[in-house]
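Single-structure report; data block below.
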Amino acid sequence: MKSLKILIIEDEKLIRWSLEKHLTSKGYVVYSAETGEEGIKLFELNRPEVVFVDNKLPNMQGLEVILKLTSLDEEAIIVFMTAYGSIETAVIAMKSGASEYINKPFIFEEIDVILENIKAKINLNKEIQILRRQQKDIITFDHIIGEAPIFNEIIQLSRKIAKTKSTTILLLGESGTGKDMFAHAIHNESTRNDKPFVTINCSSLPDSLLESELFGYEKGAFTDAKIMKKGLFEIAEGGTVFLDEIGEINQATQIKLLGVLENRIVRRLGGTLNIPVDIRIIAATNRDLIKAVNEKSFREDLYYRLKVFQIILPSLRDRKEDIPLLAEYFIKYFNLQFQKNIKKINDSVINLLIQYQWPGNIRELRNVMERAVILETMNTLQAESFPGEIVTLNETTKTFTQEETSFNFTSEKLQFPFDENLSLYDIEKLMIKQALQKTDFNQTKASELLGISRDTLRYKIKKYKF
Ligand SMILES: Nc1ncnc2c1ncn2[C@@H]1O[C@H](COP(=O)(O)OP(=O)(O)O)[C@@H](O)[C@H]1O
Ligand SMILES: [Mg+2]
């Protein structure tokens with residue numbers, strides 16, 4: 001980070017001078033002014049991130065200066081200096097927009113600590129801003145790739161539902177089918193898009209922590225609650241809360257969540273106040289919620305509250321026609337990221353990608369394409385740049401000869417000696433090939449057909465280098 005710009009507004013020459021000297025020696029860019037008026041001018045001219053303002057100034061008082069500065073830039077960070085040890089003045093200063101205060105005479109270590117904290121805060125704010133911008137810039141429905149009829153229909157419906165203000169949405173689908181993306185797109189295409197989009201993964205936190213994250217707590221609610229903390233529902237005011245992996249929350253939190261959905265009210269842990277919240281809730285899970293309801297691990301009433309509008313995202317193998325389109329999109333995407341210039345994918349590889357089952361859905365495809373773009377040295381993606389388990393099967397199909405495919409795979413028909421030229425090795429290889437073909441390369445079905453475990457089948461696929 002480039003060095004912070006700091007403005008000192010202080011009329012006592014000695015203090016001004018020594019502070020200026022200290023801060024300059026620490027590498028900050030320092031401006032100083034003797035009066036409030038002069039300080040404001042310097043502020044407008046140089047836009048320092050931090051301003052040290054003295055309480056007693058000629059003409060214009062410190063508090064007035066603070067008000068003026070914060071009206072010029074509400075993000076200006078102001079450190080209020082007071083020699084009079086008056087807590088009340090400090091409190092008023094903080095209320096007027098100062099973020100810190102320091103008593104004179106001060107020691108420089110104190111100032112150093114304050115500035116370190118300020119730097120950390122500025123960095124954090126920058127990160128948040130970048131993330132916000134990314135969310136906004138990147139994900140709308142225009143960024144969601146797919147033209148398969150079932151998918152198209154879902155996009156159209158989701159676009160419509162995005163326009164409703166508060167309708168709760170439940171996103172279902174296997175991992176990697178785009179639930180996160182849809183949640184972002186819905187928020188970004190809703191009227192709430194200038195308000196926060198807050199997301200929490202319900203499975204990533206222990207139960208008690210999840211509850212305090214969601215609902216916040218009052219000071220003293222438990223031992224560690226030293227100060228009041230707002231929960232995410234409150235923080236998201238006006239915006240959208242995305243509850244990812246909702247299938248994982250415990251019974252107590254389920255009841256509380258039901259309360260939020262029914263009454264749009266939250267209560268902080270240890271609190272008695274009912275705080276109204278204006279938010280849209282989007283929940284997502286890859287779990288079978290109906291099953292969870294039947295097994296009583298998920299409350300039925302909550303399930304119905306959540307599925308006011310339900311979107312089921314298809315797995316990638318159910319919209320295979322989108323695979324070439326997605327692959328092409330990821331080539332462009334990763335070309336940009338890695339400064340490559342890959343034009344397309346070898347046709348035989350495309351066929352392989354279409355045949356593959358993609359248990360990790362688009363996330364898996366994206367990862368595979370990223371790896372391929374990195375590894376490829378030509379301008380067309382070759383099979384060698386893809387993981388073995390994806391490209392080996394294709395070679396099986398490709399190298400089948402007429403003779404081989406006419407080999408009839410049923411145990412009754414296997415009569416010894418059926419072909420003296422075939423070794424046991426050849427026979428096993430052919431049987432596996434045919435089983436795979438018959439089952440459309442579904443390894444689970446093929447292994448059942450062959451009477452071997454899936455692991456054995458996998459091992460043999462590798463062994464025969466399909
Ligand atoms: N239709 C799509 N078009 C482009 N990229 C997608 C699409 N669906 C998912 N992705 C990408 O695939 C990855 C997984 O998507 P994500 O939304 O996190 O899935 P989920 O939340 O269902 O596990 C992300 O990197 C996302 O950007
Ligand atoms: Mg997700």
Side-chain angles (χ1 to χ4, degrees), residues 157-158 160-173 179-180 182-184 186-187 189-193 195-218 221-222 225 228-312:
L157 270 174
S158 308
K160 273 189 204 150
I161 204 69
K163 300 278 178 268
T164 65
K165 186 152 184 272
S166 304
T167 305
T168 306
I169 298 169
L170 178 61
L171 291 166
L172 300 175
K179 298 185 294 296
D180 264 79
F182 268 72
H184 279 100
I186 290 167
H187 172 76
E189 293 201 9
S190 76
T191 52
R192 298 181 179 270
N193 64 9
K195 296 281 164 34
F197 175 85
V198 173
T199 166
I200 185 161
N201 184 322
C202 301
S203 72
S204 67
L205 295 173
D207 296 337
S208 57
L209 226 72
L210 175 67
E211 236 181 82
S212 67
E213 278 297 305
L214 288 174
F215 297 92
Y217 48 77
E218 294 294 347
F222 42 86
M228 179 279 279
K229 185 174 167 263
K230 284 186 181 181
L232 293 181
F233 289 122
E234 267 182 85
I235 291 173
E237 180 58 25
T240 306
V241 177
F242 176 42
L243 302 170
D244 202 1
E245 313 234 19
I246 187 87
E248 311 306 317
I249 60 172
N250 72 357
Q251 294 282 342
T253 318
Q254 286 182 28
I255 295 175
K256 287 197 151 184
L257 192 55
L258 186 66
V260 180
L261 285 162
E262 279 175 349
N263 309 315
R264 302 278 153 179
I265 276 170
V266 292
R267 197 180 272 198
R268 296 182 197 134
L269 304 186
T272 48
L273 210 64
N274 285 331
I275 304 160
V277 285
D278 169 26
I279 46 171
R280 176 195 320 257
I281 292 178
I282 304 179
T285 180
N286 53 15
R287 274 188 67 185
D288 182 347
L289 278 189
I290 298 186
K291 193 162 154 237
V293 167
N294 288 336
E295 286 168 356
K296 306 255 179 294
S297 63
F298 202 86
R299 292 181 67 99
E300 190 173 10
D301 43 7
L302 178 59
Y303 171 62
Y304 284 106
R305 279 278 170 191
L306 288 172
K307 66 166 268 189
V308 176
F309 192 85
Q310 179 170 287
I311 299 172
I312 304 176

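Just so you know, residue 1 is the first one in the sequence shown, and it goes up from there.
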Item to complete: Flag yes if more than 12 heavy atoms outside E300 fall under 6.0 Å of its CD atom; otherwise flag no.
Response: no
Item to complete: Verify side chain to side chain contact (heavy atoms under 4.5 Å, CB included) between K163 and E189, making sure each step is shown before the conclusion.
Response: CA-CA 7 Å; K163 300 278 178 268; E189 293 201 9; 4.1 Å; yes
Practice prompt. Search all heavy atoms of H187 against all heavy atoms of G239 and return the closest pair with its distance.
Written response: CE1-CA, 4.4 Å
Item to complete: I would like to know whether F309 and T164 meet side chain to side chain contact (heavy atoms under 4.5 Å, CB included); could you show each step before the answer?
Response: CA-CA 11 Å; F309 192 85; T164 65; over 6 Å; no
Discussion item. Using 0.5 Å steps for rounding, measure from the CG atom of L289 to the NZ atom of K307.
Written reply: 10.0 Å
Practice prompt. Would you name the heavy atoms of F182 and S158 that are closest together and state the gap between them?
Written response: CE2-OG, 3.5 Å
Discussion item. Can you confirm whether E245 sits close enough to T285 that some side-chain heavy atom of one is under 4.5 Å from a side-chain heavy atom of the other?
Written reply: no
Worksheet item: Below 4.5 Å, heavy atoms only, C-beta onward: do I169 and I186 meet side chain to side chain?
Response: yes
Discussion item. So, using salt bridge (Lys or Arg N to Asp or Glu O under 4.0 Å) as the criterion, who are the partners of R192 when residues are at least two apart?
Written reply: D278
Discussion item. Among V266, L269, V260, L243, exactly one meets side chain to side chain contact (heavy atoms under 4.5 Å, CB included) together with L214. Which residue is that?
Written reply: L243
Fill in: Check ion pair K229-E218 (N to O, under 4.0 angstrom)
no
Discussion item. Just so I know, are the side chains of I255 and L302 near enough to count as touching, which here means a heavy-atom distance under 4.5 Å?
Written reply: no
Worksheet item: Just wondering, do I282 and T168 contact through their side chains at under 4.5 Å, heavy atoms?
Response: no
Item to complete: Verify, without hydrogens or angle tests, whether Q254 (side chain) and S297 (backbone) share a donor-acceptor contact under 3.5 angstrom.
Response: yes
Worksheet entry | R299 side chain to Q251 backbone, donor-acceptor under 3.5 Å | no
Worksheet item: Under the 3.5 angstrom rule, does the side chain of N263 hit a backbone N or O of I265 as a donor-acceptor pair?
Response: no
Worksheet entry | Audit row: T253, N250, side chain to side chain donor-acceptor pair (under 3.5 Å) steps and yes/no | CA-CA 6 Å; T253 318; N250 72 357; 2.5 Å; yes
Worksheet, complete the sentence: Of all heavy-atom pairs linking G247 and F298, the shortest is CA-CE1, 4.2 Å
Worksheet item: What distance separates Y304 OH from L258 CG, expressed to the nearest 0.5 Å?
Response: 14.0 Å
Fill in: Side-chain donor/acceptor of R287 to backbone N/O of A292, under 3.5 Å
no
Worksheet item: Heavy-atom count around I290 CD1 within 6.0 Å, excluding the residue itself: above 12?
Response: no
Fill in: Aromatic ring pairing F222/Y217, orientation class (parallel under 30°, perpendicular over 60°, tilted between)
perpendicular
Worksheet entry | Heavy-atom pair of closest approach, residues A283 and L306 | CB-CD2, 3.9 Å
Fill in: Salt-bridge contact K256-E211 (side-chain N to carboxylate O under 4.0 Å)
yes
Discussion item. Measuring only between side-chain heavy atoms, which start at C-beta, is I200 closer than 4.5 Å to E213?
Written reply: yes
Practice prompt. First locate atom OG1 of T240, then atom CG of N193, and finally report the distance between them rounded to the nearest 0.5 Å.
Written response: 9.0 Å
Discussion item. Looking only at side-chain N and O atoms, does R268 offer a donor or acceptor that is under 3.5 Å from a partner on S212?
Written reply: no
Worksheet, complete the sentence: Rounded to the nearest 0.5 Å, the CZ atom of F242 sits from the CD1 atom of I279 at a distance of 14.0 Å
Practice prompt. Side-chain contact test, heavy atoms from C-beta onward, threshold under 4.5 Å: evaluate it for L273 versus R267 and give yes or no.
Written response: no
Worksheet entry | Minimum heavy-atom distance between I275 and E234, given as atom pair plus value | CD1-OE2, 3.6 Å
Fill in: S204 side, atom OG; D244 side, atom CG - distance, nearest 0.5 Å
9.0 Å
Item to complete: Nearest 0.5 Å please: distance from the OG atom of S190 over to the NZ atom of K195.
Response: 10.5 Å
Response to the item:
For K179 and L172 the tightest heavy-atom approach is CD-C, 4.0 Å
Item to complete: Indicate yes or no: at least one non-hydrogen side-chain atom of V198 is less than 4.5 angstrom from one of F233.
Response: no
